[in-house]
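Below you'll find the structure, written out as structure tokens, and then a few comments.
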Amino acid sequence: MKLWGGRFEAGPSEVFERFSGSLAFDRRLIDADIEGSQAFARALERVGILTAEERARIVEAFDQMRADAASPAFFEGASDEDVHTLVIRKLKERVGAVADKIHTGRSRNEQVSLDTRMWVREEAERVRALLCGVMGALLDLAVRYSGAVIPGYTHLRRAQAVLWPHYLLAYFEMLARDWERFGEAQRRAGVLPLGAGALAGSGFPFDREAMARDLGFPALTRNSMDVSGDRDFALDFLYAATVAMIHLSRLAEDWILYSSEEFGWLELGDAVTSGSSLMPQKKNPDALELIRGKSGRVMGCLTALLVTMKGLPMTYNRDMQEDKVPLFEAADQLAGSLEMMREVIQSARLNPAKPAAAAEESWVVATDLAEALARAGTPFHEAHRIVGRFVLESVRRGKRPSDWTAEEMAGFAPEFTADFAALLNPEAGMASREIPGGTGPHTVAAALAAARERLGEMSK
Ligand code: ARG
């Protein structure tokens, strides 16, 4: 079926129909399309286009249709141009001629905006729940090894010692921002476009506030031309998805390294790793590699829609139909990655001795020494120079921090008084970082408890 045709003398070619049809992918919007159409039928009754009896028949037919649409048989043999057309055809099959009134004063341009907004709002909710799952797994893993010490890195070079929970809480923060970002995407999608018509506003005096209440939309769009040409809400979702995937990808990258033989910190569960068809010894971090790989795909989805929208003249253009495949694709890949990441985190076991040794045998304590000198009165630049020379000397002589005695240190530089030897243990330096947001043990314990509480709020 078509929702147009009077103006044409010949029908569309088979190639054009195949090329332009969107049912294959926009069928995912069927629930939203039906629900939106039910609200619209109620609005049509309020403006006197449908009688109460007609509206009741239509709404009821839609209820049935929604139940039927859950089975794939519903779509069998359908060759409609898009999901909106399909829904109207099916309505006609069910209620007959009265269905011809359902599209009064409505355009598919506002309808597709409404459906997609409804879908985004629901999907954002699902993503937020999945994000909470990952954040919860991170907190559990932090608590399991709450006292473990690791070298923190900059430039992938050992920098300063931090607590393992402090490291995991960094990812918690990233995902908490993602959770907020999806809330914002949800809020922006929650603006009702119905009433916009094709681009100029509907010619019927619909009570837009009532339609918004009916569909649970907190706000109304303010300009009909904007509605028709706007896909910002899809871009907001895609941006949020891309940033979340980048966070997952970076965690994946860390753990691919940390679980390698070279690091040996982490053991990933058998259930989330795979073997090699040739090399019997292999246990590969495929789940993490795929998460890292899929981040590229999701970023591609954002880029695809950005490029599609760039340079479109006001208002609606059929190009915009191309928003759905990347939108759905990004959502699916993100949901799958969040689910997978949660399992990987739950499966992970830390071998705390390895990162502790990495911290101890490197010069992660250098900053602690320089800062202690500064606390004792040496200007920091001078302190930095003294410790730099001390490290150079150690490297030359193959000495690790723990190989130095207090006497030898004092012999190297008189500023190194007896109490400095204690700072050769990374734990001592960490204890000096009890600043909000720092890696001091009390601060981290409090941050963990606070994160748990915040997660409780987010999961409500
Ligand atoms: N399938 C179309 C889309 O997804 C629906 C809007 C059609 N509007 C139009 N003027 N052809 O964008």
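Atoms within a ligand are numbered from 1 in the order they appear, just like the ligands themselves. Heavy-atom basis, side chains included; hydrogens, waters and symmetry copies ignored.
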Under 4.5 Å between any side-chain heavy atoms of Asp100 and Lys92, yes or no?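 With C-beta onward as the side chain, the pair touches.
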Determine whether Tyr167 and Val444 make a side-chain contact, defined as any pair of heavy atoms from C-beta on separated by less than 4.5 Å.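 Result no, sub-4.5 Å side-chain heavy-atom pair not found.
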Cationic N near anionic O, under 4.0 Å, Arg187 to Glu184: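 Yes, this pair counts.
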Is any N or O atom of [X], backbone or side chain, closer than 3.5 Å to an N or O atom of ligand 1?
X	result
His84	no
Asp82	yes
Tyr316	yes
Lys324	yes

Report the nearest protein non-hydrogen atom to atom 8 (N) of ligand 1: residue, atom name, distance rounded to 0.1 Å.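 Answer, as residue, atom name and distance: Asn109 OD1, 3.0 Å.
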Report, as yes or no, whether the 6.0 Å neighbourhood of atom CZ on Arg158 holds more than 12 heavy atoms from other residues, nucleotides or ligands.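 Count over threshold, so yes.
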Assess whether atom CZ of Arg292 is packed by more than 12 heavy atoms of other residues, nucleotides or ligands within 6.0 Å.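 It does: Arg292 CZ has more than 12 such atoms within range.
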Could you list the atoms of ligand 1 found under 4.0 angstrom from a heavy atom of Ser22?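 Once the distances to Ser22 are compared, the set is 1 (N).
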Give the atom numbers and elements of ligand 1 that come within less than 4.0 Å of a heavy atom of Gln321.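 Heavy-atom distances to Gln321 below 4.0 Å select 1 (N), 2 (C), 3 (C), 4 (O), 12 (O).
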Please say which of Arg27, Arg108, Gln111 ends up in a side chain to side chain donor-acceptor pair (under 3.5 Å) with Asp82.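 Among Arg27, Arg108, Gln111, the one that satisfies the side chain to side chain donor-acceptor pair (under 3.5 Å) with Asp82 is Arg108.
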